Number of protein chains: 2
Amino acid sequence: MVKKTKSGFKKNTDSVSNAFSRSGMSMQEVESKLVDHGIQPSLQRIKLAQYLLGKADHPTAEQIYTWAQKELGKISLATVYNTLSTFIECGLIQEFKFPHLDQVIYDCRMDHHFHFVDTKSQRLHDVDSGSLRVQLKLPKKFLVEKFDIVFKGVIED
Amino acid sequence: MVKKTKSGFKKNTDSVSNAFSRSGMSMQEVESKLVDHGIQPSLQRIKLAQYLLGKADHPTAEQIYTWAQKELGKISLATVYNTLSTFIECGLIQEFKFPHLDQVIYDCRMDHHFHFVDTKSQRLHDVDSGSLRVQLKLPKKFLVEKFDIVFKGVIED
DNA sequence: TTTTACTTTTAGAATGATTCTAATATTTTA
DNA sequence: TAAAATATTAGAATCATTCTAAAAGTAAAA
Ligand SMILES: [Mn+2]
Ligand SMILES: [Mn+2]
Ligand SMILES: [Zn+2]
Ligand SMILES: [Zn+2]
């Protein structure tokens, strides 16, 4: 269970506290963000959030795990999945499942948006929902509430 | 390997030959269709094709297996998967993967079309590609080759 | 017809992403 | 400090699908 806490909550983050200073948010910024979302900022959660929010681009659990192992030396795969579930539950990230991939991808963008799959690099690019218009003619008894759309193609040059 | 054959190829289909006379194609029609696609019409393949082409509606492998067990008494799950692969390879059916389902669904419609998921019944409805228009504004280096789209909603009444 | 080659079916093992379990470690609260 | 709550962990379990290797069926060759 993730619970809000009042007091400071100091952990032994010293050994890795500046590993990420060059990109994304600092440890302190990430920690604040976690607390804002009602998540207790353990070392593992801070590091994973730092990766997810600042450095990664639509990573899979496997990529997150691999990065975290390099960064923390030792972390359980179960912790990665537990933490991802917690982050999703608390609205810090969202997950996407795509027909072309048998792994879930995690996304720090929380707005409604879509994706373009570069079939050369297999990399995902965000597509703002404003850049898309969909017109659909169906019998009126079909009440569309949402849709998922994934574009596939290549990127020139 | 699926190979075309010239000669007649009679099998012991007598015990089940009229189980499907009331809906979809007859055994003979299905058999012709298989042969047309270069598929040797074994009993298992005929029955599975009869289900897929005439009776089923976007079934999963599990549903196909369950139906086939009732129909044939005994069939291996491996045969179901092997046969589905063969049918896909030969252009008799296509498969779809959806983000909301952890199982593949098989579709006898071979034209380009989309799907509407009724969130009440979880049933899929076909959406003709002509009933949809998508306008996308992306930087010109993104060359879109195709897109997958799935609509979710409910059906009134 | 017998032999041989090929194809199909099969049971069960393997795979791989994710979830679960149940024990241990850490942190908070009393 | 003691007790309660929460977080992390290793490894087992799950489940759709694929793989393996043997048995069964069918066709073509001899
Ligand atoms: Mn990946
Ligand atoms: Mn189903
Ligand atoms: Zn995204
Ligand atoms: Zn369809």
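The figures that follow rest on heavy atoms only: side chains count, while hydrogens, waters and symmetry mates do not. As the structure is a prediction and not an experimental result, all values here were calculated from the model. The sequence lines fix the lettering, A, B, ..., with proteins before strands; numbering per chain opens at 1.
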Please work out whether the ring planes of Phe147(B) and Phe114(B) are parallel, tilted or perpendicular, with thresholds of 30° and 60°.
-> parallel
Can you tell me the distance, in whole Å, between the CZ atom of Arg45(A) and the P atom of dT27(C)?
-> 12 Å
When you get a sec, tell me which of dT7(C), dT10(C), dT8(D) is the closest nucleotide to the side chain of Ser76(B)?
-> dT10(C)
Per atom distances to the Thr79(B) side chain, the nearest of dT9(D), dC19(D), dT9(C) is dT9(C)
Nearest-Å distance for atom pair CG/P, residues Asn82(B) and dA11(C) = 12 Å
Under the 3.5 angstrom rule, does the side chain of Asp128(A) hit a backbone N or O of Gly130(A) as a donor-acceptor pair?
-> no
Whole-Å distance between dT18(D) C1' and Lys97(B) NZ?
-> 12 Å
Nearest whole angstrom, please: distance from the C1' of dG12(C) to the OH of Tyr65(B).
-> 12 Å
Nearest to the side chain of Gln44(A) - dT9(D), dT6(D), dT7(C)?
-> dT9(D)
salt_bridge(Arg109(A), Asp111(A)) N-O dist < 4.0 Å = yes
Classify the angle between the aromatic ring planes of His113(B) and His58(B) as parallel (below 30°), tilted (30 to 60°) or perpendicular (above 60°).
-> tilted
Compute whether any side-chain donor of one residue and acceptor of the other, for Asp107(B) and His115(B), lie under 3.5 angstrom apart.
-> yes
Return no unless some side-chain N or O of Gln40(A) is found under 4.0 Å from OP1 or OP2 of dA7(D).
-> yes
note: Gln69(A), atom CD; dT9(D), atom C1'; distance rounded to Å ~ 13 Å
Between Ser131(A) and Val127(A), is there a donor-acceptor pair closer than 3.5 Å when you use the side chain of the first and the backbone of the second?
-> no
Counting any heavy atom closer than 4.0 Å, what does Lys74(B) reach on the DNA or RNA strands: base, sugar-phosphate only, or nothing?
-> sugar-phosphate
Spacing of Leu48(B) atom CG and Leu92(B) atom CG [to the nearest 0.5 Å] = 11.0 Å
Listing time: all N or O pairs from protein to nucleotides 15-18 of chain C that are below 3.5 Å?
from, atom 1, to, atom 2, distance (Å)
dT18(C), OP1, Val104(A), N, 2.6
dT18(C), OP2, Tyr81(A), OH, 2.6
dT18(C), O5', Tyr81(A), OH, 3.4

Check every atom of dT8(D), dT10(C), dG11(D) against the side chain of Ala78(B) and return the nucleotide holding the closest atom.
-> dT10(C)
Atom-to-atom span, CG of Leu34(A) to P of dT6(D) - whole angstrom = 17 Å
Could you tell me the separation between the CD1 atom of Ile39(A) and the C1' atom of dT27(C), rounded to a whole number of Å?
-> 17 Å
Rounded to whole angstroms, how far apart are CD on Glu95(B) and C1' on dT18(D)?
-> 13 Å
